[in-house]
Peer 1: 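Mind looking over this structure? Questions follow.
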Amino acid sequence: MAAIHPSILSADFVNLQAELDRIANADAVHVDVMDNHFVPNLTLGLPVVQRIQQVSPVPLDVHLMIEDVDRWAPEYAKTGAASVTFHVEASRAPILLARELRACGARAGMALRPATAVEPYLDLLAELDLLLVMTVEPGFGGQGFLDVLLPKIRRARAAIDGSGAAVALQVDGGVSESTIVRAAEAGATVFVAGSAVYNTPDPEAAIDRLRQLTDL
Ligand code: DX5
Ligand code: ZN
């Protein structure tokens with residue numbers, strides 16, 4: 001069953017509560033946390049995520065694009081977020097971190113930058129609830145979907161199916177009505193979409209259209 005997670009990176013940051021209410025039919029809201037070190041952009045941090053958690057009509061899917069993530073990710077899990085995703089490139093101890101996130105009550109997600117291969121991490125699948133294959137270089141919304149990542153999505157899908165672990169396969173970056181079918185055919189099941197949802201007059205209708213397109 002496909003899930004659509006709009007990213008508030010493309011929302012109006014001065015009106016977050018209203019912007020959350022505009023996506024009430026989403027499966028979760030994707031919250032991009034950037035520290036201007038792991039990626040060359042700065043968004044929001046823990047106090048803002050705590051408030052989003054209090055007012056959001058849908059569960060939170062927190063995507064941490066930050067350094068020192070072993071220290072900070074558990075704090076995001078303690079906000080009550082449904083899932084917290086860290087970048088494996090930023091973690092010193094990803095297995096321990098995934099276990100800590102679960103112990104804090106969140107689903108544990110691990111993200112891979114476009115040039116990070118999935119193969120070295122396949123033994124970690126049992127520790128994870130979500131694997132995020134980035135389909136743009138993280139840092140900014142509105143970039144084009146990198147088709148060169150489709151084989152990696154397919155390999156991740158095959159590995160997840162072969163492992164028997166219940167791991168959701170998420171794609172993030174450039175997901176739109178013209179790219180989501182390719183990602184779904186490759187095996188993704190959770191779709192983050194920022195500009196394709198928020199840069200439209202009716203975000204709820206955009207979510208419905210994206211969801212229908214994944215019904216292969
Ligand atoms: C990029 C972020 C994405 C971004 C996606 O680093 O992780 O979540 O918001 O935006 P779109 O869907 O516009 O590519
Ligand atoms: Zn993201």
Side-chain angles (χ1 to χ4, degrees), residues 1-13 15-34 39 41 43-44 52 56-63 65 82-83 85 107 109 111-116 118 130-158 160-161 167-216:
M1 188 56 172
I4 308 296
H5 293 192
S7 166
I8 51 163
L9 188 59
S10 295
D12 177 0
F13 274 14
N15 295 295
L16 280 180
Q17 186 163 9
E19 292 286 73
L20 289 163
D21 290 337
R22 291 173 78 206
I23 56 158
N25 64 334
D27 297 280
V29 59
H30 184 83
V31 181
D32 286 308
V33 176
M34 305 184 187
V39 289
N41 195 6
T43 54
L44 43 79
I52 292 171
S56 176
V58 295
L60 267 61
D61 159 29
V62 177
H63 178 194
M65 287 160 278
S83 67
T85 299
R107 298 173 77 216
L112 307 173
R113 298 184 76 131
T116 303
V118 67
L130 183 150
L131 179 67
L132 167 52
V133 174
M134 289 301 300
T135 42
V136 298
E137 280 298 340
F140 299 93
Q143 304 181 72
F145 183 87
L146 294 172
D147 278 285
V148 71
L149 275 312
L150 287 170
K152 181 170 158 184
I153 299 168
R154 284 191 211 102
R155 293 197 305 273
R157 164 51 53 206
I160 290 168
D161 289 349
V167 183
L169 182 54
Q170 184 178 63
V171 287
D172 180 11
V175 173
S176 70
E177 286 176 41
S178 54
T179 61
I180 195 167
V181 174
R182 299 205 286 283
E185 283 173 348
T189 52
V190 181
F191 303 86
V192 177
S195 47
V197 169
Y198 272 111
N199 294 355
T200 58
D202 187 347
E204 289 202 294
I207 291 166
D208 285 339
R209 285 197 302 273
L210 288 169
R211 202 181 269 124
Q212 276 165 21
L213 284 167
T214 64
D215 193 11
L216 302 174

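Here, residue 1 is the first one in the sequence, and each next residue gets the next number.
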Peer 1: Given the rule in the side chain to side chain contact (heavy atoms under 4.5 Å, CB included) test, do V192 and V175 qualify, once you have shown the distances and angles that lead to the verdict?
Peer 2: CA-CA 7 Å; V192 177; V175 173; 5.8 Å; no
Peer 1: Could you give the distance from OG1 (T214) to CZ (R209), rounded to the nearest 0.5 Å?
Peer 2: 13.5 Å
Peer 1: Taking side chain as C-beta onward, heavy atoms only, is L149 less than 4.5 Å from V171?
Peer 2: no
Peer 1: Tell me, with the steps shown, if D172 and V133 meet side chain to side chain contact (heavy atoms under 4.5 Å, CB included).
Peer 2: CA-CA 7 Å; D172 180 11; V133 174; over 6 Å; no
Peer 1: Side-chain contact, heavy-atom cut-off 4.5 Å: D32 with I8?
Peer 2: no
Peer 1: Give, for atom OG1 of T43 and atom CE of M65, the distance between the pair rounded to the nearest 0.5 Å.
Peer 2: 6.5 Å
Peer 1: Nearest 0.5 Å, what's the CZ-NE2 distance between F191 and H30?
Peer 2: 14.0 Å
Peer 1: Looking at CG of L44 and CG of L16, how far apart are the two atoms once the value is rounded to the nearest 0.5 Å?
Peer 2: 7.0 Å
Peer 1: Apply side chain to side chain donor-acceptor pair (under 3.5 Å) to D147 and list each qualifying residue two or more places apart in sequence or on a separate chain.
Peer 2: R182
Peer 1: When you check the gap from the basic side-chain N to the acidic O, do R113 and E137 get nearer than 4.0 Å?
Peer 2: yes
Peer 1: Does the side chain of I52 reach to within under 4.5 Å of the side chain of L60, using non-hydrogen atoms?
Peer 2: yes
Peer 1: With a 4.5 Å heavy-atom cut-off, do P114 and T135 have their side chains touching?
Peer 2: no
Peer 1: Give a yes or no on whether a salt bridge exists between R211 and D27, defined as a side-chain N under 4.0 angstrom from a carboxylate O.
Peer 2: yes
Peer 1: Go through the steps for I23 and V197 under the test side chain to side chain contact (heavy atoms under 4.5 Å, CB included), then give the verdict.
Peer 2: CA-CA 9 Å; I23 56 158; V197 169; 4.0 Å; yes
Peer 1: With heavy-atom distances below 4.5 Å as the criterion, would you say the side chains of S83 and P59 are in contact?
Peer 2: no
Peer 1: Before you tell me yes or no, could you show the steps for H63 and D61 under side chain to side chain donor-acceptor pair (under 3.5 Å), namely the whole-Å CA-CA distance, both residues' side-chain angles and the distance that decides it to 0.1 Å?
Peer 2: CA-CA 7 Å; H63 178 194; D61 159 29; over 6 Å; no
Peer 1: Mind checking the CE-CD spacing from M134 to Q170? Nearest 0.5 Å is all I need.
Peer 2: 9.0 Å
Peer 1: Closest heavy-atom contact between M34 and V39?
Peer 2: CB-CG2, 3.6 Å
Peer 1: Evaluate the side chain to side chain contact (heavy atoms under 4.5 Å, CB included) criterion for residues L132 and L112: first the C-alpha distance (whole Å), next the side-chain angles of each, then the deciding distance (0.1 Å), finally the verdict.
Peer 2: CA-CA 6 Å; L132 167 52; L112 307 173; over 6 Å; no
Peer 1: Taking all non-hydrogen atoms of both residues, which atom of P6 and which atom of I207 are closest, and how far apart?
Peer 2: CG-CD1, 3.7 Å
Peer 1: How many angstroms lie between CG in N199 and OG in S176, if you round to the nearest 0.5 Å?
Peer 2: 12.0 Å
Peer 1: Who are the salt bridge (Lys or Arg N to Asp or Glu O under 4.0 Å) partners of E185, not counting sequence neighbours?
Peer 2: none
